[in-house]
Enquirer: 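Let me give you the structure first, and then I'll get to my questions.
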There are 2 protein chains.
Amino acid sequence: MSRRNITINDIASSLNVAPSTVSRALNNSSRISEKTRIRVQEKARELGYEINLIASSLSKEETGTIGLIIPGINRFFFSQAASGVESVVRDRGGRLIIAQSNETLEREKEITRMFQSYRVDGVIASLSVETDEVDHLACLQSRNIPVVLFDRVHFGLECTKVVVDNFEGAYRAATHLVKTGCKRPAFIGGPFSSKLFQQRADGFSEALRDHDIPLQPGFLLTTDLTTTDVHDAMRKWMSRSDPPDGIFTASASTGLLVIRIARDYQLGIPDDISIITFGNEPCHEYTHPSLSAIDMPGHDIGATAARHLLDEIRYGSSEHNLVIAPLQLRIRNSTLKKDGWEKP
Amino acid sequence: MSRRNITINDIASSLNVAPSTVSRALNNSSRISEKTRIRVQEKARELGYEINLIASSLSKEETGTIGLIIPGINRFFFSQAASGVESVVRDRGGRLIIAQSNETLEREKEITRMFQSYRVDGVIASLSVETDEVDHLACLQSRNIPVVLFDRVHFGLECTKVVVDNFEGAYRAATHLVKTGCKRPAFIGGPFSSKLFQQRADGFSEALRDHDIPLQPGFLLTTDLTTTDVHDAMRKWMSRSDPPDGIFTASASTGLLVIRIARDYQLGIPDDISIITFGNEPCHEYTHPSLSAIDMPGHDIGATAARHLLDEIRYGSSEHNLVIAPLQLRIRNSTLKKDGWEKP
DNA sequence: AATAATAGTGCAACCGCTTGCATTATATTA
DNA sequence: TAATATAATGCAAGCGGTTGCACTATTATT
């Protein structure tokens, strides 16, 4: 059982050539004769040689590794995105390090420091809710490590960003509610400190305005989206004599919660109340009724972010784009009122 | 904007000490005087020094990085497990590289080669369905890279394994079905090439035997668990004059599918037919009715695997354990028949 | 056949940190 | 005070590749 790993020196000496020749042969340098290349590669296979990427990284001053920061890997959207990133990075022969911020800025900073130490070639990130400044990311850039943000972006950082059009998605969701017969739609979203929720609220409002549906006072709620918050909101709404007949939740998980609470209130979905969410999860197919949603293509978003980052690394272009990923309206039963105006 | 990264040499020369002194000071070696240590650490902070982990890894011949191989990051159980691994690894100051096999052996082999090249300190893996031999993992071990398997393990590899007791879980699920009034429970699982499904089937059978419930012919199905397979199975069962009155699915996703198909057949759940699954997902709370399950603690399993691996790395112990993670029976509405024998 | 151009290979420095051993400064002991 | 033990620091050789440049072997040009 050979303890020590085979190195290019082993190959070199067993073939009586220089290590540099071996290195070039293994990297298919054009400066090596076909004959030698084959001799070297065969010997390498014979000895079970595997390149030491650490050594290679050190001398090449690039690691072929990119770092991914997400709030939590175990949330559907982010795991989809991670999957997308991973597949692109792998296709291009790279490696991926994934780290979770757990929604704290402190941890996010820790991770960027770690990535810096690791000399990753680039970083893709979706920011924690807490993140209100981006010095830690700017620091990466100043050390020549390009950054690409997706979904949870911050416009204080000059970099390529891959986002969905939150305004448009919300607009479409609200329009869908209206077109399927809702006269009194309501909105529940997260804090406006996150631009994303602001935009979703705006899209919702504008859609109502454009369709001449008045926004009832108290029907546009901003909370922290904790379970309690959502329960409170529902209680407030349902205790009214004129409750909403449609709800748009600005997050997928909130929608799932709302559908359950609505059932507890014995509300008929969608006939008493329609429900649609921003964000789509596998669950949505399995709820009762199945839950309509604005679907954010997580995998594509991750893949796109990765492609942009890798291009920036490869070509050193410092051209920063704002990429808008397409949204899909997934109509399911939670918004198909019997007497709705529009049936698919 | 300083392009080049600060190195220990920069610190050394600006302080007129040797690089080795700086290195030791930064690593809190006891061989350095308090005074120098502080001087060095302050200067390091002042210059914005960040250790180059690549260089450090190369000279220490250890990377502080561990590799994780899972079939797919975007599946709940595995993302939970990954999360568990990550948190433990991070607590101990390490880094994690995650790679997905996408359920193919070939990709799994590729990953192990990549990990080898990366000189990860250890590997945690949950095998692809295709994986019927473990030479690629044995190869890691032979190069002194310890391996820990979880959930999808292979007993051909001598290593620590973290699993759940599939037999017992299935036994408990089946017993639960029986105790809640099922007289004709059925089982649908994956191919027996995977030990795990075999064990679940065995647990199911034994529970019936122990409770004197006969297993009807054709009620223990082994398929590839594709959507078509599940539909076929349900059609076969439901076209009988004496269909099952309870179904135990050996995977969570199959259960979700079954509950939907059952609704399409207009079956009352749980009164006409109870459903319980091996594996629990957030979805289970939101289906209608909510779906009972044997819950595998993904996060804990990952964390446990990580702890064992890191200990093996640190202490070089070659003692290999079989760790059985506890299962939880999550009783929800899909198994609470009105006239069941046992109510919680 | 002599010269120039080109292809193939080797030398050696380097990437940045670590570490065994040698050396020097300081403290302890006789 | 000299001899010895101990603490603090420095030297230099790695770790395993990569790469600019020098050098040799081969081929093309006149």
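Everything numeric in this text was worked out from a predicted model, so none of it was measured.
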Enquirer: Do A/Ser83 and B/Ile73 make a side-chain contact, defined as non-hydrogen atoms from C-beta onward lying under 4.5 Å apart?
Expert: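 Contact flag for A/Ser83/B/Ile73 side chains = yes.
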
Enquirer: Checking all strands, does B/Asp10 fall into the base, sugar-phosphate, or nothing category for heavy-atom contacts under 4.0 angstrom?
Expert: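 No contact.
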
Enquirer: Under the salt bridge (charged side-chain N to carboxylate O under 4.0 Å, His left out) criterion, do A/Glu106 and A/Arg113 qualify, and how do the steps go?
Expert: CA-CA 11 Å; A/Glu106 193 200 332; A/Arg113 244 172 290 130; over 6 Å; no

Enquirer: Check whether any side-chain heavy atom of A/Gln80 lies under 4.5 Å from a side-chain heavy atom of A/Val85, and answer yes or no.
Expert: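 No. Closest side-chain heavy atoms not under 4.5 Å.
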
Enquirer: To 10°, what angle do the rotation axes through the five end pairs on each side of the helix from C/dA1-D/dT30 to C/dA27-D/dT4 form?
Expert: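 The value is 50°.
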
Enquirer: Name all residues meeting the side chain to side chain donor-acceptor pair (under 3.5 Å) criterion together with A/Glu312; count only those two or more places apart in sequence or in a different chain, and write none if there are none.
Expert: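 Residues passing side chain to side chain donor-acceptor pair (under 3.5 Å) with A/Glu312: A/His320.
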
Enquirer: When you compare the side chains of A/Thr131 and A/Glu108, does any donor N or O come within less than 3.5 Å of an acceptor on the partner?
Expert: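 Yes, side-chain donor-acceptor contact under 3.5 Å.
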
Enquirer: Compare all side-chain heavy atoms of B/Val323 with those of B/Phe150 and state whether any distance is below 4.5 angstrom.
Expert: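 In short, these two side chains do not touch, never coming nearer than 4.5 Å.
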
Enquirer: Under 3.5 Å, is there a donor on one side chain and an acceptor on the other for A/Thr65 and B/Tyr118?
Expert: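 A/Thr65 vs B/Tyr118: donor-acceptor pair found between side chains.
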
Enquirer: Which of residues 19-42 of chain A have a heavy atom under 4.0 Å from DNA chain C?
Expert: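 Listed by number, they are A/Ser20, A/Thr21, A/Arg24, A/Ser30, A/Arg31, A/Ile32, A/Ser33, A/Thr36.
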
Enquirer: Indicate whether the side chain of A/Ser20 and that of A/Ser23 have a donor and an acceptor atom separated by less than 3.5 Å.
Expert: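 A/Ser20 vs A/Ser23: no donor-acceptor pair found between side chains.
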
Enquirer: Say whether A/Asn28 and A/Gln41, considering side chains only, have a donor N or O and an acceptor N or O under 3.5 Å apart.
Expert: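 There is such a pair between these side chains.
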
Enquirer: In plain terms, say whether B/Arg107 and B/Glu110 are close enough for a salt bridge, that is, a side-chain N and a carboxylate O under 4.0 Å apart.
Expert: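 Looking at B/Arg107 and B/Glu110, the cut-off is met.
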
Enquirer: With heavy-atom distances below 4.5 Å as the criterion, would you say the side chains of A/Leu127 and A/Leu149 are in contact?
Expert: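 Of all side-chain heavy-atom pairs linking A/Leu149 with A/Leu127, at least one is under 4.5 Å.
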
Enquirer: If you assign each of B/Val17 and A/Ser59 to its closest nucleotide in DNA chain D, which residue comes earlier from the 5' end?
Expert: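 Result: B/Val17.
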
Enquirer: With a 4.0 angstrom cut-off to heavy atoms of chain B, pull out the first and last contacting nucleotide of DNA chain C, in 5'-to-3' order.
Expert: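 With heavy atoms of chain B under 4.0 Å away, the range is C/dG16 to C/dC21.
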
Enquirer: Charged N to carboxylate O below 4.0 Å: is that the case for A/Glu133 and A/Lys109?
Expert: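 The answer is yes: the pair qualifies as a salt bridge.
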
Enquirer: Shoot me the first and last contacting nucleotide of DNA chain D against chain B, ordered 5' to 3', at under 4.0 angstrom to non-hydrogen atoms.
Expert: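 Reading along DNA chain D, I get D/dA8 to D/dG16.
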
Enquirer: Could you work out, with side chain to side chain contact (heavy atoms under 4.5 Å, CB included) as the rule, every residue matching B/Asp311, not counting sequence neighbours?
Expert: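 Residues passing side chain to side chain contact (heavy atoms under 4.5 Å, CB included) with B/Asp311: B/Arg92, B/Tyr315.
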
